[in-house]
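Computed from heavy atoms alone, side chains included, the values below leave out hydrogens, waters and symmetry copies. Counting begins at 1 with the first residue of the sequence.
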Amino acid sequence: MRTTLATDKGQATDNITGVIFDMCGVLVDWQPKRALEGLFPQEAIDDFLAEDDHCGFMYFDDLHDRGTDYETLLPEYEREYGARLGLMMRAYAAHADRALIGTMPGMPQLVADLKARGMRVWMLTNWGKDTWPAARSRFPELFGMMDGVVVSGLESGGIAKPDRAFFDLAVNRFGADCGRTLFVDDSPFNVEGARAAGLKALRFTSAQRTRAQLGL
């Protein structure tokens with residue numbers, strides 16, 4: 001089945017036959033602070049995960065997403081940021097699955113509704129290879145509905161969103177029709193990367209809005 005996608009301006013684009021969803025922030029609620037709560041003072045956690053990334057969490061998390069495992073990353077992080085922050089990064093690595101606190105409201109039903117209409121549904125996620133088994137085991141029903149999943153940390157070459165090569169790999173792996181496939185992600189950088197790769201793309205804000213944009 002095809003569905004007509006409405007843009008933010010209310011105009012229609014080409015019919016969509018498949019949807020590629022991001023995982024964190026779209027299908028699954030990812031709250032990295034949850035991995036450290038109860039282990040460190042809240043002030044220290046807030047500082048470690050500050051938006052300006054002065055503690056380097058997001059930088060090293062990106063390296064992890066691109067295939068470097070924590071066994072290699074943790075000593076490097078400790079050398080650069082010291083033992084105190086190194087202890088926090090080690091704690092995060094050990095409890096990364098705790099950051100996945102549940103499915104995003106309304107998203108499992110949206111996926112089920114798309115599947116019921118005969119559409120193909122896939123997942124494309126930036127996530128590390130050594131913590132992937134624990135993450136995947138958390139949501140068996142959700143993952144069971146996917147027609148395919150591509151994980152950055154499991155691929156060679158250090159590719160991840162928003163790299164063009166990562167989108168191209170996913171499209172080929174899924175056997176998707178690029179011009180009739182919608183990509184949904186909460187990151188504007190990833191949305192732009194998908195568009196540059198020839199996909200239709202929407203920035204996710206809620207299941208309700210995505211449902212409306214898909215005309216469901």
Does the side chain of [Y] come within less than 4.5 Å of [X]'s, by heavy atoms?
| X | Y | answer |
| --- | --- | --- |
| Leu114 | Val19 | yes |
| Arg203 | Asp185 | no |
| Phe60 | Leu74 | no |
| Met123 | Ile20 | no |
| Asp163 | Ser152 | no |
| Leu73 | Glu76 | yes |
| Val151 | Met23 | no |
| Tyr59 | Asp62 | no |

Please round to the nearest 0.5 Å and tell me the distance separating atom [atom1] of [X] and atom [atom2] of [Y].
| X | Y | atom1 | atom2 | answer |
| --- | --- | --- | --- | --- |
| Leu36 | Phe48 | CG | CZ | 6.0 Å |
| Leu100 | Arg136 | CG | CZ | 13.5 Å |
| Asp113 | Met119 | CG | CE | 11.5 Å |
| Glu80 | Leu85 | CD | CG | 10.5 Å |
| Phe21 | Met145 | CZ | CE | 9.5 Å |
| Thr68 | Lys129 | OG1 | NZ | 7.5 Å |

Tell me if a side-chain donor or acceptor on [X] pairs with a main-chain N or O of [Y] at a distance below 3.5 Å.
| X | Y | value |
| --- | --- | --- |
| Asp29 | Thr103 | no |
| Asn190 | Ser187 | no |
| Asp69 | Thr72 | yes |
| Arg98 | Glu37 | yes |
| Arg66 | Gly158 | yes |
| Arg120 | Gly18 | no |

Locate the shortest heavy-atom distance separating [X] from [Y]; write the atom from each residue and the value.
| X | Y | result |
| --- | --- | --- |
| Pro75 | Arg90 | N-NH2, 4.2 Å |
| Leu154 | Trp132 | CD1-CD1, 3.9 Å |
| Tyr81 | His54 | CE2-O, 3.5 Å |
| Cys24 | Asp186 | O-OD1, 3.3 Å |
| Ala207 | Met107 | CB-SD, 3.5 Å |
| Leu110 | Arg211 | CA-NH2, 3.4 Å |

Are [X] and [Y] near enough that their ring centres are under 6.0 Å apart?
| X | Y | result |
| --- | --- | --- |
| Trp122 | Phe143 | no |
| Phe57 | Tyr92 | yes |
| Phe183 | Phe167 | yes |

Under 4.5 Å between side-chain heavy atoms, hopping through other hydrophobics if needed: is there a path connecting [X] to [Y]?
| X | Y | result |
| --- | --- | --- |
| Leu214 | Met104 | yes |
| Leu124 | Trp127 | no |
| Val184 | Leu142 | yes |
| Val28 | Leu49 | yes |
| Leu87 | Tyr70 | yes |

- Could you please spell out the steps behind the side chain to side chain contact (heavy atoms under 4.5 Å, CB included) verdict for Arg195 and Leu199? CA-CA 5 Å; Arg195 288 173 179 161; Leu199 291 158; over 6 Å; no
- Message: Quick test of your reading of the model: are Lys161 and Asp65 salt-bridged, counting only N-O distances below 4.0 Å?
- Response: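 Looking at Asp65 together with Lys161, the answer is no, because their closest N to O distance does not fall below 4.0 Å.
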- Task: Given side chain to side chain contact (heavy atoms under 4.5 Å, CB included), test Thr131 with His64 step by step and report yes or no.
- Result: CA-CA 10 Å; Thr131 55; His64 185 242; 3.4 Å; yes
- Determine, stepwise, if the pair Glu43 / Asp46 fulfils side chain to side chain contact (heavy atoms under 4.5 Å, CB included). CA-CA 5 Å; Glu43 182 178 355; Asp46 292 343; 5.6 Å; no
- Query: Going through the checks in order, is the salt bridge (charged side-chain N to carboxylate O under 4.0 Å, His left out) test met by Arg173 and Glu155?
  - Reply: CA-CA 12 Å; Arg173 184 80 53 82; Glu155 303 299 330; 3.0 Å; yes
- Message: Tell me whether Gln208 at atom CD has more than 12 heavy atoms from other residues, nucleotides or ligands lying less than 6.0 Å away.
- Response: no
- Message: With side chain to side chain contact (heavy atoms under 4.5 Å, CB included) as the criterion, how do Thr181 and Phe174 come out once you've worked through the C-alpha distance, each side chain's angles and the decisive distance to 0.1 Å?
- Response: CA-CA 11 Å; Thr181 300; Phe174 297 150; over 6 Å; no
